[in-house]
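Values below: all heavy atoms of this structure, side chains included; hydrogens, waters and symmetry mates excluded.
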Amino acid sequence: MGGDGVQMPKFFIEKENISGNYIYIYGDDVNHIRRVLRLKCGDNIIVCDGNGYDYDVRIECFEQEAVKTSIVSTSANISEPPVDVTLFQGIPKSDKMDFIIQKSVELGVNRIIPVSTERTVVRIDSKKDAESKVSRWQRIALEAAKQCNRGAIPQISFPISYLESLDLAKQADLAIIPYEKETGNGLRVLIKEKNIKKLSILIGPEGGFSEKEIENAIRYGINPVTLGPRILRTETAGIAVISILMYELGDIGK
């Protein structure tokens, strides 16, 4: 199941873009279809409504600000996993967040929430800075969702504080926080014979979580877990946990 096989171009649209047997595509995708892909009237593409349905459509014509398509067939998208996963990611340095978002989306997460922790080096000093980062991260999530045939675009939230993340994470059926000093709790033990539909995963930035942060997590009902004897980088830890959980609870390997 290699990464870059040729597939029909895919675009996400809003539900209100569907009018009878026609679907209209707006925004940057219009230029991409016309100028980059150089598609023509009569060509077919795939559009997704973000709610689990894919549409095989034929390009009817190019309007000034839209591409008008007609529906050839409709099918349920089968690529969304049966478990709802939220990744609370301690904000890392450089372009590591880009990588984390891309791979997490490919593996099936539903949302990613950046978290400012005690050891977070990257500081977001203004609303404008936050908006700029989240806008870029959301574009990365969109492109990853297109590439791997997702039926929905995972949402990237605005950064929140660590305590806010604990308050949100505890609402899941199971919330876990990998910690290098944990030796007893393993993932398999925690998920065994549990009916888990909603998962929260908390991953620290470079330098991990402080002992005080782990103590707070435990107070909120978050479960520290071990990922084995090796200490994983922040951009590896989340991917490893998501992969394991999708294998055990989701649709990988089934």
Side-chain angles (χ1 to χ4, degrees), residues 83 85-125 129-130 133-134 136-137 140-141 154 156-191 196 198-249:
V83 59
V85 178
T86 299
L87 173 64
F88 295 85
Q89 174 66 51
I91 303 171
K93 293 183 291 186
S94 64
D95 58 355
K96 291 178 183 177
M97 191 68 168
D98 298 0
F99 176 85
I100 291 166
I101 290 170
Q102 183 186 66
K103 300 311 173 189
S104 297
V105 169
E106 289 180 22
L107 287 168
V109 298
N110 293 81
R111 66 197 61 79
I112 300 169
I113 302 178
V115 180
S116 180
T117 73
E118 190 176 312
R119 293 173 178 168
T120 296
V121 175
V122 176
R123 297 298 171 189
I124 299 175
D125 300 319
D129 187 21
K133 281 182 167 58
V134 172
R136 183 167 62 84
W137 291 337
I140 292 168
I156 314 300
S157 300
F158 272 75
I160 62 175
S161 71
Y162 180 67
L163 289 180
E164 287 174 318
S165 76
L166 296 181
D167 198 43
L168 289 174
K170 72 177 184 181
Q171 299 172 29
D173 299 325
L174 177 66
I176 62 172
I177 183 166
Y179 184 47
E180 63 272 15
K181 292 184 180 180
E182 174 62 39
T183 57
N185 262 351
L187 284 173
R188 184 167 292 173
V189 174
L190 278 178
I191 63 178
I196 300 168
K198 192 172 181 181
L199 270 164
S200 293
I201 303 167
L202 290 91
I203 301 293
E206 297 92 344
F209 292 111
S210 68
E211 289 190 14
K212 183 179 177 181
E213 285 175 325
I214 296 298
E215 290 169 4
N216 281 330
I218 293 170
R219 278 210 337 265
Y220 274 79
I222 316 297
N223 299 273
V225 296
T226 176
L227 296 181
R230 291 168 295 282
I231 296 176
L232 304 182
R233 292 176 181 268
T234 184
E235 67 268 32
T236 308
I239 306 307
V241 174
I242 295 164
S243 300
I244 293 166
L245 292 172
M246 283 298 177
Y247 179 81
E248 295 288 344
L249 301 171

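Within a 6.0 Å sphere centred on CZ of R230, heavy atoms belonging to other residues, nucleotides or ligands number 12 at most.
Atom-to-atom distance recorded for L202:CG and T86:OG1 is 10.0 Å, nearest 0.5 angstrom. Between S165 atom OG and I177 atom CD1 the span is 7.5 Å, to the nearest 0.5 Å. To the nearest 0.5 Å, the span separating CD1 on I100 from CD1 on I203 amounts to 8.5 Å. Annotation: the span from I218 atom CD1 to E182 atom CD amounts to 7.5 Å, rounded to 0.5 Å. From I176, atom CD1 reaches atom CD1 of I191 across 8.5 Å, with rounding to the nearest 0.5 Å. One distance of note links CZ of F209 with NZ of K181; it measures 14.0 Å at 0.5 Å rounding.
Taking the side chain as every heavy atom from C-beta outward, V122 and P92 never approach each other to under 4.5 Å. Residues I101 and V105 meet the side-chain proximity criterion, which asks for heavy atoms closer than 4.5 Å. L174 is not listed as a side-chain neighbour of K198, based on a closest heavy-atom distance of 4.5 Å or more. Using a 4.5 Å heavy-atom cutoff, the side chains of T226 and T183 are not in contact. Contact of the F88 side chain with the S200 side chain is registered, since non-hydrogen atoms from C-beta on lie closer than 4.5 Å. The side-chain heavy atoms of L187 and E248, taken from C-beta on, include no pair separated by under 4.5 Å. Looking at I214 and P224, their side chains come closer than 4.5 Å, going by heavy atoms from C-beta outward. Side-chain atoms of P114 and W137, non-hydrogen and from C-beta on, do get closer than 4.5 Å to each other.
The salt bridge (Lys or Arg N to Asp or Glu O under 4.0 Å) with E206 is formed by just one residue from the set R119, R233, K96; it is K96. Tested against N216, the residues K212, E213, R219 include a single side chain to side chain donor-acceptor pair (under 3.5 Å) partner, R219. For the side chain to side chain contact (heavy atoms under 4.5 Å, CB included) criterion with L107, the lone passing option out of V241, I239, L87, L245 is I239.
The pair E235-K103 does not count as a salt bridge, with every side-chain nitrogen at least 4.0 angstrom from each carboxylate oxygen. Ion pair R136/D98 flagged as a salt bridge, since at least one NZ, NE, NH1 or NH2 atom sits closer than 4.0 Å to an Asp/Glu carboxylate oxygen.
N185 is linked by a side chain to side chain donor-acceptor pair (under 3.5 Å) to nothing, counting only residues two or more places apart in sequence or in another chain.
Judged purely by distance below 3.5 Å, without hydrogens or angles, the side chains of E118 and S210 pair a donor atom with an acceptor atom. At a cut-off of 3.5 Å, with distance as the only test, a side-chain donor of Q89 or T234 sits close to an acceptor on the other residue.
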